[in-house]
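Step one of this worksheet: look at the structure below.
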Amino acid sequence: MGFEKKDAAKNEYMLTGSFKKKGYDWWWHSFTAINEVTGEEKAFFIEFFAINPGLAQEKPVFGQLPENKADNSRPSYLMVKAGSWGTPDFASNSTELQKPCQLHRFFPWKDVSIHGKAPYSVKAVDCYASDTRLSGSISVSREDAAAHPEWMCDSGEMSWDLEIDKQIAFNVGYGTSKLFRFLKAFEMYWHAEGMKSAYRGTVTLNGVIYRVLPERSYGYADKNWGRNFTSPWVWLSSNHLISNISGQQLTNSVFDIGGGRPKIYFVPLNRILLGAFYYEGTSYEFNFSKFWTGCKTKFSCKETKNEIHWRVRQENRQVIMETCVRCRKKDMLLVNYEAPDGSKRHNRLWNGGNGIGRIKLYRKEKNGKTLIDDISAFNIGCEYGEYSEIQNG
């Protein structure tokens, strides 16, 4: 169906027009690395998050500061977010007890250099991001993290130097077309230029060195932009897939599911997800905007005492995909963002990189359905959250 074709124009810097003063744009990366001493796997994330450049001041402006809430000052900065999730529950030689953490480093716009057109690049002091490289560092002391709740982060130190090979894309189509990008019709946009990506390099977290190997990085790269976020917020993706029928790892496969309740011109659509499964060279897409494909989606997300659970059923005229995922809450974190209007409505946005799950892919037949494959999935990037009843900002 062609969704796997990359489109660097959709990975460009999008904060133009009305989005300059009421918009955000971010580039997200997640991957797995190996402790060079113990051999233990650990999942990491790195993100460059830009917000309201048209409101730039000499220093970063934080929307969660009480004085800024009082006078309705909206946030403006480049935030570099990085951190790690807990130990995956399929690891057999787990020795580390490090908790998941998210670290934030903020830059005023005067210290940021952006090449907005494809191929994009963002640089701020030693932090750099492009389609092919990531480098940078963050250091937040316990004292500073406690004294600055407006930073919305933990304490710790992390540095990284990585190469990126974006291999397969999820190009969602009409919703991110040039016309709809120009019109700024949607409240939140999504493009996964590297839903299957291979990372290579090193990460150092709190003094521990991790090696990132392309064949074991199970990497992912995407971006979101717009004027606000979605609720519910759902994301599931992995390229660490093993067939339960053949017992073989599917080295040329990846799935990606995301969405919630999109808004177009401030009008909310039904709860709906976009999805794609690139299965050993064959593309299966579940995209509500392509109505002629007969796409239908049902999903549910549930928070239990110890886990988050996702169940998704997607179908088009040719196939049915049933996805069940779970992730332990102790391996996840509550990821923090403030919106361009200065509010922080997502206060229980669960985010993880160690989900495990099962996928069943069926081919539709005249008299029923035929199983194509039954698949176990690991290292699943996963996210779920809905707006809080009490809104901040």
Side-chain angles (χ1 to χ4, degrees), residues 28-35 37-47 81-104 138 140 145 152-158 160 199 203-206 208 210-213 216-222 232-242 255-258 300-312 323-337 346-359 375-386:
W28 169 271
H29 308 80
S30 52
F31 54 89
T32 296
I34 313 299
N35 184 309
V37 175
T38 67
E40 179 185 27
E41 287 189 349
K42 198 168 188 66
F44 292 89
F45 58 89
I46 300 167
E47 178 184 39
K81 174 195 286 283
S84 69
W85 295 293
T87 302
D89 56 8
F90 59 85
S92 59
N93 60 339
S94 175
T95 59
E96 289 192 87
L97 298 176
Q98 288 180 322
K99 295 180 179 179
C101 71
Q102 61 181 318
L103 307 174
H104 293 166
I138 302 178
V140 182
M152 308 174 294
C153 75
D154 305 310
S155 62
E157 295 184 353
M158 180 170 155
W160 58 92
Y199 291 77
V203 173
T204 302
L205 176 64
N206 297 326
V208 179
Y210 294 82
R211 301 293 177 188
V212 186
L213 309 176
R216 293 181 62 185
S217 63
Y218 312 118
Y220 176 87
D222 75 358
W233 186 328
V234 178
W235 170 59
L236 299 166
S237 184
S238 175
N239 58 71
H240 186 184
L241 307 173
I242 297 175
F255 78 91
D256 200 5
I257 298 169
S300 65
C301 304
K302 181 174 69 173
E303 179 179 343
T304 70
K305 180 180 178 181
N306 298 313
E307 294 184 327
I308 306 294
H309 293 249
W310 299 258
R311 297 181 66 90
V312 183
T323 305
C324 296
V325 174
R326 63 182 175 89
C327 192
R328 300 184 304 184
K329 290 162 78 171
K330 69 179 184 179
D331 292 335
M332 306 178 77
L333 54 83
L334 294 172
V335 68
N336 290 323
Y337 301 99
H346 270 298
N347 295 300
R348 288 188 70 80
L349 181 54
W350 288 99
N351 175 277
N354 296 317
I356 61 174
R358 190 170 184 178
I359 301 168
I375 300 159
S376 292
F378 307 94
N379 301 82
I380 301 174
C382 47
E383 209 158 27
Y384 167 64
E386 302 204 33

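Distance check, rounded to the nearest 0.5 Å: CG of N306 to NZ of K329 gives 7.0 Å. Note: S84 OG to F45 CZ = 7.0 Å, rounded to the nearest 0.5 Å. Note: W350 CH2 to L334 CG = 4.5 Å, rounded to the nearest 0.5 Å. Atom-to-atom distance recorded for Y337:OH and W233:CH2 is 5.5 Å, nearest 0.5 angstrom. Taken to the nearest 0.5 Å, the CD1 atom of I308 stands 4.0 Å off from the CD atom of E303. Of the inter-residue distances, the one linking D331 atom CG with K42 atom NZ reads 8.5 Å to the nearest 0.5 angstrom.
Side-chain atoms of F255 and L241, non-hydrogen and from C-beta on, do get closer than 4.5 Å to each other. In this structure, the side chains of C153 and I138 stay at 4.5 Å or more apart for every pair of heavy atoms.
Remark: K330 NZ is loosely packed, at most 12 non-hydrogen atoms of other residues, nucleotides or ligands lying under 6.0 Å away.
Across every non-hydrogen atom of V37 and N35, the tightest pair is N-OD1, 2.8 Å. Between A33 and F44 the shortest heavy-atom distance is CB-CE1, 3.8 Å. In plain terms, the two heavy atoms of P100 and W85 that are nearest each other are CB-CA, 3.9 Å. Of all the heavy atoms in N336 and K81, the pair that sits closest is O-NZ, 3.1 Å. Between C101 and L205 the shortest heavy-atom distance is SG-CD1, 4.3 Å.
Formation of a donor-acceptor pair under 3.5 Å by the S238 side chain with backbone atoms of F378 is found in this model. N354 places no side-chain N or O within 3.5 Å of a backbone atom of A43 that could act as its donor or acceptor partner. S217 contributes no side-chain N or O that, together with a main-chain N or O of T32, makes up a donor-acceptor pair within less than 3.5 Å.
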For the pair V203 and M158, evaluate side chain to side chain contact (heavy atoms under 4.5 Å, CB included) and give the outcome as yes or no after the intermediate values. CA-CA 7 Å; V203 173; M158 180 170 155; 3.9 Å; yes
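Here the two rings, on Y220 and W235, have centers that are under 6.0 Å apart.
Of the N and O atoms on the side chains of Q102 and D154, not one donor lies less than 3.5 Å from an acceptor on the other residue. A donor-acceptor contact closer than 3.5 angstrom is absent between the side chains of Y218 and E41.
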